[in-house]
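These notes concern the structure reproduced below.
Note that the structure is a prediction, hence the values are computed from the model and not measured. Letters go in sequence order (proteins before strands), and every chain restarts at 1.
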Amino acid sequence: MQYWLMKSEPDEVSIDDALAAPQQTVAWTGVRNYQARNFMRDAMRIGDGVLFYHSSCAEPGIAGLAEVASTPYPDPTQFDPASKYHDPKAKPEAPRWLLVDVRAVQKSPMIPLALLRTHAELAEMLILQKGSRLSITPVTPAQWNFITGHLMK
DNA sequence: GCCAACGTTGGC
DNA sequence: GCCAACGTTGGC
């Protein structure tokens, strides 16, 4: 069992959108960074815990809890010329981009980025490092426990 | 809208 | 393989 933080722009898919989706599950489309892709392809397992993070919005921060809900499979948007995530170099017989399904578990009290920064226990979180912009990052059990057990109370 | 930081591309 | 140019991310 591992833990992750996954960024989503709430204008595209918010925690509320995910909770309202069938099975409360959304396909994590649009990742176009190899490191983030590799986490989904190689490291994630069904049932892994996910911190659902809102980025590029008025109040960036952790907005809910979710879990990995599928094994990896090709991101269909890479083959869709109408999608902004279209990748002309991807072919169905050789997909470049894989994703997993994510099931929203619950909305949480909003935990703003600025608040995360105030806790020494979270100083090592990858998302808090200078220049970090990876959209999917691993979270340690200690960080997970601190956030879910302390900040979400 | 600004801009720092980072990733990717492509010429050489 | 180097690296400059360019595009993107994402907080502020």
Exercise. Can you list every side-chain hydrogen bond (donor to acceptor under 3.5 Å, both in side chains) pair that touches residues 28-40 of chain A, not counting sequence neighbours?
Worked result: Arg32(A)-Asp75(A), Arg32(A)-Thr77(A), Tyr34(A)-Arg96(A), Asn38(A)-Arg41(A)

Exercise. Can you list the residues that meet the side chain to side chain contact (heavy atoms under 4.5 Å, CB included) rule with His119(A), with sequence neighbours excluded?
Worked result: Leu115(A), Glu121(A), Leu122(A), Phe146(A), Leu151(A)

Problem set entry | Residues in side chain to side chain contact (heavy atoms under 4.5 Å, CB included) contact with Arg103(A), at least two apart in sequence or another chain | Gln24(A), Thr25(A), Glu67(A), Ala69(A)

Exercise. For nucleotides 5-12 of chain C, read 5' to 3', which letter fits each nucleotide if B means a protein heavy atom sits under 4.0 Å from the base, S means only the sugar-phosphate is that close, and - means neither?
Worked result: --BBBBSS

Using a cutoff of under 3.5 Å, can you pull out all pairs of nitrogen or oxygen atoms linking the protein to nucleotides 1-3 of chain C, with atom names and distances?
none

Using distance only, find each side-chain donor-acceptor pair of residues 104-111 of chain A under 3.5 Å and give its atom names and separation, not counting sequence neighbours.
residue, atom, partner, partner atom, Å
Lys107(A), NZ, Asp16(A), OD1, 3.1
Lys107(A), NZ, Asp16(A), OD2, 3.0
Ser108(A), OG, Ala63(A), O, 3.4
Ser108(A), OG, Gly64(A), N, 3.4

Exercise. Okay, side chain of Thr148(A), backbone of Trp144(A): is any donor-acceptor separation there less than 3.5 Å?
Worked result: yes

For this session: Look at the side chain of Asp48(A) and the backbone N and O of Arg45(A), then say whether any donor-acceptor pair between them is shorter than 3.5 Å.
Result: yes

Exercise. Looking only at atom types and distance, does a side-chain atom of Ser8(A) sit under 3.5 Å from a main-chain N or O of Val13(A), one as donor and one as acceptor?
Worked result: yes

